[in-house]
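Working notes for the structure below.
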Amino acid sequence: MPFYIVQFLTGLASAASLFLVASGLSIIFGVTRIVNFAHGAFYMLGAYVAFTLTDRFSGALGFWGGIVVAALIIAAVGVLVEMALLRRIYHSPELFQLLATFGLTLMVEDLVVLIWGPSELLGRRAPGFKGAVDFFGQNIPSYDLFLIALGPIVLGILWLLFQRTRWGVLVRAATQDRDMVAALGVNQKWLFTSVFAVGVFLAALGGALQIPRDAVHHAMDLRIIVDVFVVVVIGGLGSIIGAFVAAVLVSELNAFGILIFPKISIILVFLVMAAVLIVRPWGLFGKQEGPARRTPGLTVNPWRTLTSGEQLAATAALIIAAALPLFSGNYALTIGSEIPRWRACR
Amino acid sequence: MKLSVQDLNSHYGPAHILFDIALEVGDGEVVALLGRNGAGKSTTFRSIIGLVEQRSGRIVFEGKDVSHQPTHAIVSRGLGYVPEERRIFTELTVEENLEVGRQPRRPNAPHWTREKLFALFPNLGEMRNRPGGRMSGGEQQMLTIARTLMGNPSLVLLDEPSEGLSPKIVEQMVDAILIMKKEGVSIVVSEQNLHFAKLISDRAYIIERGRICFGGTMAELDARPDIRDAHLSL
Amino acid sequence: MQRRHFLGASLAIALAGLTNTAMAQSEIKIGEINSYSLLPAFTEPYRKGWQLAVEEINASGGINGKKLVVVSKDDGGKPADAQTAANELVSSENVAMLAGTFLSNIGLAVSDFANQKKVFFLAAEPLTDAITWAKGNRYTFRLRPSNYMQAAMLAEAAAKLPAKRWATIAPNYEYGQSAVAVFKKLMSEKRPDIQWVDEQWPPFGKIDAGPVVQALAQANPEAILNVTFGADLVKFVREGNTRGLFKDRTVVSFLTGEPEYLDPLKEETPEGWIVTGYPWYSIKTPEHDAFLKAYQAKYNDYPRLGSIVGYQTIKSAAAILAKANSTDPEKLIAATEGLSVASPFGEITFRKIDHQSTLGAFVGKTALKDGKGVMVDAVYKKGSDYLPSDAEVEKLRPKE
Amino acid sequence: MSMVPTLLSVEGLSKSYGGVHAVRGVSFELKAGEILALIGPNGAGKSTCFDMLNGQKDPDSGRINLLGEDTAGRPPRAICRLGVGRTFQITATFPTMTVRENVQVALVSYRRQLFNLWSSTPRFEQGEAARLLELVGMGGYADRPCGELAYGDLKRLELAVALANQPKLLLMDEPTAGMAPRERIELMRLTARIAREQSIGVLFTEHDMDVVFEHADRILVLNRGSLIAEGSPEQVRGNPEVRAVYLGEGLVYDARHRKGLSA
């Protein structure tokens with residue numbers, strides 16, 4: 001029995017970080033309707049910057065201060081990204097947004113390898129939470145206990161932020177109807193920027209808090225982003241409570257799943273996601289979106305239709321491509337066949 | 001002059017919706033914008049506060065040209081907008097809905113507090129913590145107006161406030177609008193219900209297929225049954 | 001007018017193809033593919049290794065007077081991209097042979113490409129046994145000691161342990177699965193008395209270490225076989241240390257002694273694990289000294305195992321090209337089968353029977369020294385001593 | 001009058017959501033050819049009543065007898081088959097199809113020809129479609145895409161679509177919402193004429209008292225889920241309770257209909 005309790009607590013500890021990152025993604029999506037694929041990159045940057053700061057400044061203050069400052073620095077980076085990139089693409093189709101944020105992720109990965117090198121980095125253990133607590137013969141890392149407590153605390157703070165502050169009320173209003181919020185005199189730009197900053201802060205904090213138990217490395221972003229998407233989808237897009245419950249659900253499934261099906265723990269989570277979506281298509285705490293309040297005519301086509309000249313050019317290009325094997329060498333053929341097959345690598 | 005609109009043209013994609021709209025609202029005036037469904041009343045309002053992106057023309061509010069300003073900037077100058085279809089925030093309580101609309105007080109406009117608004121719309125005062133989604137249509141309509149008044153506007157654009165409401169609620173709406181007027185708020189109200197418009201308005205414009213085809217006092221409109229018949233199907 | 005443009009464009013494309021075929025004959029090209037962007041921790045030292053080799057070879061006159069050029073491509077960790085890169089190297093760069101790859105599934109993909117296109121391929125790093133045995137082909141050779149060989153080296157040491165209750169943990173993909181399977185088979189042959197009490201298969205790169213460590217501890221094994229590496233290993237070791245998993249338990253671990261994987265562990269390095277690896281600081285042979293000196297002089301850094309693999313891949317390739325004195329694949333195969341080459345670990349031979357080189361590995365124990373992980377009591381195990389008999393190998397490899 | 005059959009009789013209909021009684025104990029009858037208005041404040045339960053009648057919601061208790069059959073709890077499809085036509089508050093037509101095609105689609109589904117691969121829609125029931133469009137005064141619009149129609153015309157098309165079903169009973173939830181005053185009167189005048197000619201019973205909700213008083217034979221007044229009054233327009237107008245909760249002072253509708261209010 002103690003083993004199962006410890007396994008449960010271990011699952012809760014894993015849930016804490018997942019919740020932080022997922023709630024950030026959920027908040028950003030709720031208001032801006034942007035599926036921020038770069039969220040994992042901010043998580044990773046949080047971990048790297050926290051690694052550098054905690055390495056540079058010793059002592060308990062150096063560690064905890066480093067964690068918080070790292071998250072703040074990355075939140076500031078998030079603000080710059082929002083202003084420079086996202087503001088330009090809020091009205092683009094989802095696919096463009098996804099591509100843009102995905103591109104950002106790739107850039108951040110390369111940047112991280114350039115700055116911090118390719119090897120895994122081992123962060124400091126948290127002062128005061130280095131060892132483990134004995135629980136009827138089972139060991140629970142005290143840092144896990146810290147994380148277990150942190151999850152609900154952050155949830156509570158977020159709840160207060162959203163329910164008890166004017167900012168929170170505006171964010172919730174904007175989640176439902178952005179245009180109406182603007183029509184009441186609220187500057188959406190800064191509202192979006194602040195929401196993005198909060199979301200990125202949560203992601204970076206989640207990453208920074210991982211350094212005592214994880215390796216800091218350049219693939220952390222992709223590792224977390226899949227889990228985070230699963231959590232957000234199960235919990236319901238835009239719901240913070242949902243993100244919390246789903247993070248706990250996913251982590252516990254993982255913790256107990258490996259005891260029964262060690263080899264399929266990867267798919268287990270997706271099976272649960274599928275099951276949840278069948279029963280509740282909007283996730284556990286998600287709400288069905290009302291009919292889109294889109295003013296007729298405002299749906300602008302992202303693509304201009306081709307002029308007749310351009311259509312001719314496209315046809316010509318197609319004919320050239322089709323005729324390539326008749327006269328070109330191996331190399332041109334390889335490249336030629338690669339172009340239509342092009343996809344974002346990785 | 002509170003508001004002056006000149007040569008306002010608007011498009012939705014390739015469709016030209018408004019053609020050279022010109023209208024004026026004096027200080028403390030209530031002006032009706034009359035027209036059939038689809039005549040361009042809502043688009044006119046949305047264009048004035050910048051919710052329609054493709055628009056051209058000159059919009060002067062309290063002497064300042066606001067034609068090129070974004071929606072929130074125009075609204076926070078004191079130009080309030082109450083949309084049709086009661087776009088309240090259904091997840092937010094009455095108090096929270098009001099909070100979204102709150103703006104600093106303005107020297108040249110009446111100041112509205114929650115208490116003052118609850119006095120104006122007593123129903124709302126009884127359900128301060130009820131989510132907007134669990135209110136009846138009439139209550140929601142009152143909330144949208146109260147929410148806009150929280151911004152202490154000096155001019156309010158009211159889009160079809162009587163639509164779909166029971167006669168008694170419409171009468172309450174008349175009272176509320178008259179109180180707003182008495183407090184000094186200028187109002188443009190779009191309507192199809194002429195009875196309602198007559199009870200509150202000083203002047204009226206008639207809009208038909210995106211063009212203003214009449215402008216004058218209510219008495220002048222009464223004297224021209226031909227215009228009513230031609231453009232309003234009243 | 002349009003028609004003329006059309007013809008002009010076609011001509012330009014055709015010419016581009018022609019100039020590529022008529023390449024200068026004063027150099028020999030090797031096409032090299034690896035997961036540079038996905039696994040920089042391994043592939044960066046690897047790249048340095050082969051660049052050093054190219055420099056040395058050209059400094060001493062090239063290959064039969066021709067300059068050696070290595071054209072390198074990134075596969076991004078995807079088999080399909082590796083095949084595309086291979087195709088491009090062969091058809092546009094006219095390379096004499098292909099070399100490289102790290103992940104087992106990518107190695108197999110390129111090996112398959114080599115077989116179909118009849119191109120010589122020297123696999124550098126992929127460890128799966130299939131590449132020389134079950135899916136072995138005429139055109140593919142492999143440099144590094146395979147899973148089987150490393151498992152045999154570890155099993156030799158592990159069988160001497162008193163432990164009877166064993167648990168395993170390995171990444172859930174080709175490499176991890178085959179490593180565990182071979183180790184179990186070899187161990188059970190030597191020690192019929194042992195029991196396998198638990199197995200954990202975390203997804204590669206995504207280990208949730210807490211629950212995994214707790215589950216392993218719950219099974220209460222006397223010894224553990226570990227196949228995780230990289231970030232998974234760091235996480236596993238940290239949780240294991242915190243939760244006391246390694247206390248009074250022996251751990252036998254693939255690759256953990258390689259600097260790529262040992263160095264990141266720093267002060268968390270668990271002591272007394274039996275590992276394969278590369279203790280560059282304690283190898284005292286003239287061949288290795290020479291390599292070490294040259295490497296440190298060029299890069300002002302110490303070599304990782306990847307450096308050795310990169311260096312030796314190109315050194316071997318050069319020896320093959322020199323001996324064949326041709327770029328014809330058949331002549332290259334003939335030259336490679338039975339070829340002996342010098343390496344920083346001593347002389348190695350490419351076996352005719354299964355195209356596996358006899359490069360070995362060091363087996364030793366982990367220790368903590370000045371807050372850093374090191375390998376102690378390391379002994380070099382020759383690859384030739386840990387391969388099955390020729391009769392067995394013949395059964396494992398498909399007939400041609 | 002006793003010869004006129006009763007189309008719909010409702011007894012003790014109730015429905016509540018989470019402890020709130022949306023509709024409680026509502027009973028009424030509707031005869032063939034009769035036009036019955038259901039009025040009341042916003043949120044009085046009119047929509048819930050409608051949803052129960054056309055099968056979109058199940059009543060908690062009560063009976064709905066439609067053409068002699070108990071239909072409480074039956075799905076909308078089954079009720080539609082019994083001969084109930086509906087028009088929707090939000091215009092429910094296919095915008096890219098022509099006016100004629102919209103009516104043809106309705107006819108196809110009524111005749112259950114949905115899976116008959118040998119009949120092609122363009123030719124299907126052209127005569128009947130033309131007759132229906134003529135009936136609602138839309139004969140000249142047959143080939144126009146619905147997306148181009150003015151709002152009032154769309155509403156008339158909706159009526160034609162509802163009539164394709166050859167209904168014996170028409171349920172109309174705020175049929176004139178969003179229309180100009182004269183369009184409202186015209187639409188209801190048209191509906192009333194068709195109903196009387198074909199002995200169709202009509203139940204409709206409406207906030208425009210000009211429309212209600214002009215066309216309804218009988219009026220039901222719902223407040224907080226209960227019927228508080230029932231009778232002729234004159235009776236309802238004179239009812240002080242109805243005035244207090246719903247009609248108000250009568251300032252916002254035509255003076256002709258304010259008779260009895262001054263009392």
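Per chain, numbering begins at 1; letters A, B, ... match sequence-line order.
Remark: the backbone N or O of C:K235 is not paired with any side-chain donor or acceptor of A:R213 at under 3.5 angstrom.
For the pair A:D227 and C:K206, the salt-bridge criterion is met [side-chain N within less than 4.0 Å of a carboxylate O].
Of the listed residues (C:G210, C:A219, C:A215), the greatest number of heavy-atom pairs within a distance under 4.5 Å of chain A belongs to C:A215. Most heavy-atom pairs under 4.5 Å with chain A: of the set C:P211, C:G77, C:G230, this distinction falls to C:P211. Interface check for chain A: of the options C:D263, C:I207, C:D208, C:D75, the most heavy-atom pairs under 4.5 Å are formed by C:D208.
The CZ atom of C:F42 sits 12.0 Å away from the OG atom of A:S119 when rounded to the nearest 0.5 Å. One distance of note links CD1 of C:I169 with CD1 of A:I258; it measures 8.5 Å at 0.5 Å rounding. One finds the OG atom of C:S37 at 9.0 Å from the CG atom of A:L106 (value rounded to the nearest 0.5 Å). Distance CG/A:N139 to NZ/C:K247: 7.0 Å, rounded to 0.5 Å. Atom OH of residue A:Y143 and atom CZ of residue C:R238 lie 9.5 Å apart, to the nearest 0.5 angstrom. Within the model, atoms CD of C:Q200 and CG of A:L259 stand 7.0 Å from one another, a figure rounded to the nearest 0.5 Å.
In this structure, chain A has no heavy atom under 4.5 Å from any part of C:L245. Using a 4.5 Å cut-off between heavy atoms, C:V213 does not touch chain A at all. There is no contact between A:A219 and chain C, counting heavy-atom distances below 4.5 Å. For A:V226, the part sitting under 4.5 Å from any heavy atom of chain C is the side chain, from C-beta outward, and nothing else. Within the 4.5 angstrom heavy-atom criterion, no atom of A:D134 approaches chain C. Contacts of C:E44 with chain A are made by side-chain atoms alone, with heavy-atom separations under 4.5 Å and no backbone atom involved. For a residue to count as touching a neighbouring chain, one of its non-hydrogen atoms must lie under 4.5 Å from one of that chain's; by this rule C:E260 touches chain A with the backbone only.
A heavy-atom distance below 4.5 Å is found between the side chains of A:R125 and C:N241. Within the 4.5 Å cutoff, the side chain of A:L122 has heavy atoms near those of the C:E267 side chain. Within the 4.5 Å cutoff, no side-chain heavy atoms of A:Q138 are placed close to those of C:R243.
Taking both residues in full, the closest heavy atoms of C:L38 and A:H218 are given as O-CE1, 3.2 Å, listed atom of the first, atom of the second, then distance. Between C:T242 and A:G131 the shortest heavy-atom distance is CG2-O, 3.6 Å. Here the closest heavy-atom approach between residue C:A231 and residue A:H217 is recorded as CB-NE2, 3.3 Å. Pairing each heavy atom of C:P264 with each of A:E120, the nearest pair is CB-O, 3.3 Å.
Heavy atoms of other residues, nucleotides or ligands lying less than 6.0 angstrom from OH of A:Y4 number 12 at most. Within a 6.0 Å sphere centred on NZ of C:K266, other residues, nucleotides and ligands contribute more than 12 heavy atoms.
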